[in-house]
Asks: 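Encoded as structure tokens, here's the structure I'll be asking about.
What's counted below: heavy atoms across the whole structure, side chains too, no hydrogens, waters or symmetry copies. In each ligand, atom 1 is the first atom listed, and ligand 1 is the first ligand listed.
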Amino acid sequence: MMKLPGVLMFLLVLGTAESACNSTCSTFCDCSNHGLTSVPRDLPTNITRLDLQHNQITTVGQLDFSRYRSLITLDLGYNRISTIGSQAFYQLSNLTKLRVSSNSLRNLTASMFTGLANVQEMIFYKNDISDIQTGTFNPTPLLIRLLVHRNKLTSLKSGMFSGLENLQELWVNDNEITNIQTGTFNSTSELRILSLSQNKLATLRSDMFTDLKGLKYLYLYDNDITSIHAGAFSSTSQLGILHLYNNHIQSIPSNLLSNLLQLSDLKLSYNNLTDFPFEQLSNVQTISTLKLDNNKMTTLPSLAYDILSSISDVNIDNNPWQCDCRMVDFKLKITESSPFENRITCSQPDNLSGLKLKDIKLENLFLGCLEPKIVRFERSGNVKLLQGANILEQVVCEATGIPTPTITVIPPAGLNTTAESNGIVTVEENSNVIIQNIIAADAGLYGCIASSPIGSTFAVLSTEVVNPVSPPRFTLPVFAGSVSGAVAGTIAIGAIILAIWCRARAKTRFVALSTESDVDLTTVTQL
Ligand SMILES: *[C@@H]1O[C@H](CO)[C@@H](O)[C@H](O)[C@H]1NC(C)=O
Ligand SMILES: *[C@@H]1O[C@H](CO)[C@@H](O)[C@H](O)[C@H]1NC(C)=O
Ligand SMILES: *[C@@H]1O[C@H](CO)[C@@H](O)[C@H](O)[C@H]1NC(C)=O
Ligand SMILES: *[C@@H]1O[C@H](CO)[C@@H](O)[C@H](O)[C@H]1NC(C)=O
Ligand SMILES: *[C@@H]1O[C@H](CO)[C@@H](O)[C@H](O)[C@H]1NC(C)=O
Ligand SMILES: *[C@@H]1O[C@H](CO)[C@@H](O)[C@H](O)[C@H]1NC(C)=O
Ligand SMILES: *[C@@H]1O[C@H](CO)[C@@H](O)[C@H](O)[C@H]1NC(C)=O
Ligand SMILES: *[C@@H]1O[C@H](CO)[C@@H](O)[C@H](O)[C@H]1NC(C)=O
């Protein structure tokens, strides 16, 4: 107890000595909040730490720091610095940490950092930086952490980070980045952490992250990402944390995640995913967090149960689950041993809406499905003259069923007929398939296949295209009798349809519900 005042005294003495901003400070000069408009010139020249935060300094130049050559840490945060003169830090070869956050810098150039050969951390967050010139970091090869978040960068360019061979952390979040050029990271292969969150990226190309072979943390949340190209993460095989939440991602391309064998934390909440490829996580043993809540997912295959139940932290809440026959396999696996199983609430069909999947009887899941049926397969009546000789016309195939069947339209004489006529094939929201802009070469037999997990069906349509130069005129199409080409076409289409149909059949577990008699062979006559 007697010692306490002594300790306090010591701390007080030390405190005053360290907090001085004049010739009496030793080692550390605390010049923060001193109303300074320039860097003081009367401090001991051998100081190693200088704090100049919260002043009104606007410019730093070469003479400001040339006397303080022993500096190891320099903090210029919360000033009004808009200009760092050429070679301002030229003498500071021992500096390891430079902080210029919350200032008014508009660009970074190589001449600013000449001499900082040993700097390991540079902090520039909350400036107005819109440009980092090629070669800016050539003088700072030992940099480990670079913080440029909360600035105005609009793109990351090749050469921007050249020279940073030892960089491990790059924080460029909260900028306005719309593009990352190929090769941007080609000299920063040691990078472990890359934060690109809160930017305006729309597409993740397959060549964006190719150089980041050691990347462990990749933050991409709060962007405008709608599309991820296959192979976007094919080089970043060390990735452990991947945060993609709050974007507009609609689908995950095949094999995107399969090679991420170190993945532990994947967040895809608040996107537009209608489906998640659980099979891509089959070989990922390390995953402990998976967030897929607030998406547009409708169904969960059996494999999803195996994957989800092996992950400790799962969230799949707030998805529009369709509790129909597709969920039967998943439902059969429910043991209520993991919290996620109790939180799957049905959105469709209407009479099961609001109920939990775990509480629904198996037979009621089957009632939610309807076999696919082709209800319309015809040429539309609207005939318009389009750009010269092309006739705009449509072949429409419409099918019903629950779940919504996928529709495939097979044009006559193979696929390049469609390509030649600009073959616009659209799948409308009501699942109509439309082929527009049909020309003479497209005449012949069209096939339409509608398939779903509970079955498939097909129909055939014979068409004849009007000669663009003569007035629109429709003749009675003849199904098999017209020309031998049509017969050959029928056989070819039949073969294709059969092949596809058999494949669809083989995939489904509910094939017993689908019978041969479902198959419609329709020939439509246009008058
Ligand atoms: C240096 O600063 C300290 C703390 O602000 C103050 O007590 C001291 O008088 C100053 N000394 C000189 C020489 O200005
Ligand atoms: C700094 O220089 C002053 C006098 O020039 C000396 O008293 C002091 O010990 C030096 N401090 C260090 C850390 O070298
Ligand atoms: C820089 O650091 C080294 C190693 O600590 C030291 O020997 C040298 O004197 C320092 N340079 C200056 C200008 O203080
Ligand atoms: C960098 O910014 C300074 C001050 O804002 C400006 O004078 C200079 O022209 C800029 N340089 C480049 C290359 O944009
Ligand atoms: C990085 O990319 C730039 C631009 O594409 C190229 O000039 C440079 O040679 C590349 N560097 C390496 C190390 O591949
Ligand atoms: C999701 O996709 C739909 C249709 O593709 C689109 O209308 C909607 O704006 C998207 N929502 C988000 C959050 O991206
Ligand atoms: C739900 O509605 C469908 C279609 O109207 C009906 O076939 C089915 O029996 C209903 N299911 C239940 C559980 O009421
Ligand atoms: C269709 O493709 C084949 C082979 O790819 C080609 O020989 C033929 O010319 C193409 N037909 C048309 C009309 O372009």
Asks: Does atom 11 (N) of ligand 3 have a protein heavy-atom neighbour under 4.0 Å away?
Replies: yes

Asks: Please determine if Lys267 and Asp265 form a salt bridge, counting it only when a charged side-chain N lies under 4.0 Å from a carboxylate O.
Replies: yes

Asks: Does the pair Ile241 and Leu218 meet the rule for a side-chain contact (heavy atoms from CB on, under 4.5 Å), with working shown?
Replies: CA-CA 6 Å; Ile241 309 236; Leu218 179 55; over 6 Å; no

Asks: Would a line drawn from the ring center of Tyr125 to the ring center of Tyr78 be shorter than 6.0 Å?
Replies: no

Asks: For Phe124 and Phe137, run ring-ring contact (aromatic ring centres under 6.0 Å, His included): C-alpha distance rounded to whole Å, both residues' side-chain angles, the deciding distance at 0.1 Å, then the answer.
Replies: CA-CA 13 Å; Phe124 300 104; Phe137 302 108; 7.3 Å; no

Asks: Checking a contact table here: which protein heavy atom is nearest atom 8 (C) of ligand 3, and how many Å away?
Replies: Asn94 ND2, 3.7 Å

Asks: For atom 14 (O) of ligand 3, grab the closest protein heavy atom and report residue, atom and distance to one decimal in Å.
Replies: Ser70 OG, 2.6 Å

Asks: Please report the C-alpha distance between Thr114 and Met112 in whole Å, then the side-chain angles of each, then the deciding distance to 0.1 Å, and finally whether the side-chain contact (heavy atoms from CB on, under 4.5 Å) criterion is met.
Replies: CA-CA 6 Å; Thr114 318; Met112 291 178 179; over 6 Å; no

Asks: Quick one: which ligand 1 atoms are inside 4.0 Å of a heavy atom on Thr24?
Replies: 1 (C), 11 (N)

Asks: Identify, by atom number and element, the atoms of ligand 1 in contact range of Ala20, meaning under 4.0 Å from any of its heavy atoms.
Replies: 2 (O)

Asks: Could you tell me whether Tyr245 and Tyr270 have their ring centroids closer than 6.0 angstrom?
Replies: no

Asks: Return a yes/no value: protein heavy atom under 4.0 Å from atom 4 (C) of ligand 3?
Replies: no

Asks: Please write down residue, atom name and distance for the protein heavy atom closest to atom 13 (C) of ligand 3.
Replies: Arg69 O, 3.4 Å

